[in-house]
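Data first, discussion second: the structure below is written as structure tokens.
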Amino acid sequence: GRNKARVFQEDMQQRINALSQLETGIREGLSRGEFSVAYQLQVDSNQLAVGSEALIRWSRGDDNFIAPAEFIPVAQDTGLIHKLGDLMMNQVVADLLVWEQSGLLSDDFRVAINFSTPEFLHPDFAKQVISMLNATGISGRRLRFEITEDSVLSDLAAAAERMQVLMEHEIEFSLDDFGTGYSSFAYLRYLPVGEVKIDQGFVRRFLQHPQDAAIVRAIIELGRSLGLRVVAEGVETHDQLEALQL
């Protein structure tokens, strides 16, 4: 009947309650300023910083950090991902302006921002980004937008057109988590990407598992052949670093 909800399994109700509490927590966290941006450096073969990746972090105080894997899916399902994305973009631009004025950045230093599928597919995405560039005076050459294959699956032509518009403002694009989705070479042919990122799952295992090593080598060689920058995510040991320098 109307104005009623019936739950048939107790664990289902528990999951619903947990998701509802998490959604409420995100809303409250945004109003309380609990979300912040951290930066993970990207280094070249000489271990020199060539860029960084912006990462959203949520701390509820007393070192109580909520993992992105826990709150990002809920933010996407509820539409709150757009507010998180705005927060991240505004903070990145503010930090870039400070770093530039301080003379801390090399000419080719970019900050990578990972956009979810709902954000990238929003009809006003490109317009909002260009408006932000004009309002702040930050150059698009300081930014790299990371997208996943899911972001372009529904309409490859429209995605390419949107990317091209932003590239006219010197923003570069990276294909994130390459090797985990469809990994169709057609994307690399049609999409104006300048970089592919090897998923950290392969990087963590490739020294122990020949299959993962073969995939990592293939992505690196593919990137070189196509003139693309290749970034390996999650490198944590010197052995991994040395093995990746093919």
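In this text the structure is predicted, and so the values were computed from the model without any measurement.
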*Assess the pair Phe71 and Phe35: is the distance between their ring centroids shorter than 6.0 Å?*
yes

*More than 12 heavy atoms of other residues, nucleotides or ligands under 6.0 Å from CD of Glu28: is that the case?*
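Yes.
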
Under the 3.5 angstrom rule, does the side chain of [X] hit a backbone N or O of [Y] as a donor-acceptor pair?
X: Asp44; Y: Gln47; answer: yes
X: Asn64; Y: Arg60; answer: no
X: Gln91; Y: Met88; answer: no
X: Arg205; Y: Asp212; answer: no

[X] with [Y], same ILVMFWY side-chain cluster at under 4.5 Å:
X: Val235; Y: Ile219; value: yes
X: Leu55; Y: Val93; value: no
X: Met167; Y: Ile113; value: yes
X: Phe65; Y: Ile26; value: no

*So which heavy atom on Asp107 is nearest to which on Arg142, and how close?*
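Closest pair (atom of Asp107, atom of Arg142, distance): O-NH1, 3.6 Å.
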
*If every non-hydrogen atom of Ala213 is compared with every non-hydrogen atom of Phe206, which pair is closest and at what distance?*
CB-O, 3.3 Å

*With Ile72, which of Ile66, Asn114, Ile56, Asp77 fulfils side chain to side chain contact (heavy atoms under 4.5 Å, CB included)?*
Ile56

*Among Arg204, Gln42, Lys197, Gln40, find the residue that satisfies the side-chain hydrogen bond (donor to acceptor under 3.5 Å, both in side chains) test when tested with Glu233.*
Lys197

*Kindly indicate whether a cation-pi arrangement holds for Arg162 with Phe120, taking the cut-offs as under 6.0 Å to the six-membered ring centre and within 45° of the axis.*
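Yes, Arg162 and Phe120 form such a contact.
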
*With distance as the sole criterion, is a donor-acceptor pair present between the side chains of Ser20 and Glu23 under 3.5 Å?*
no

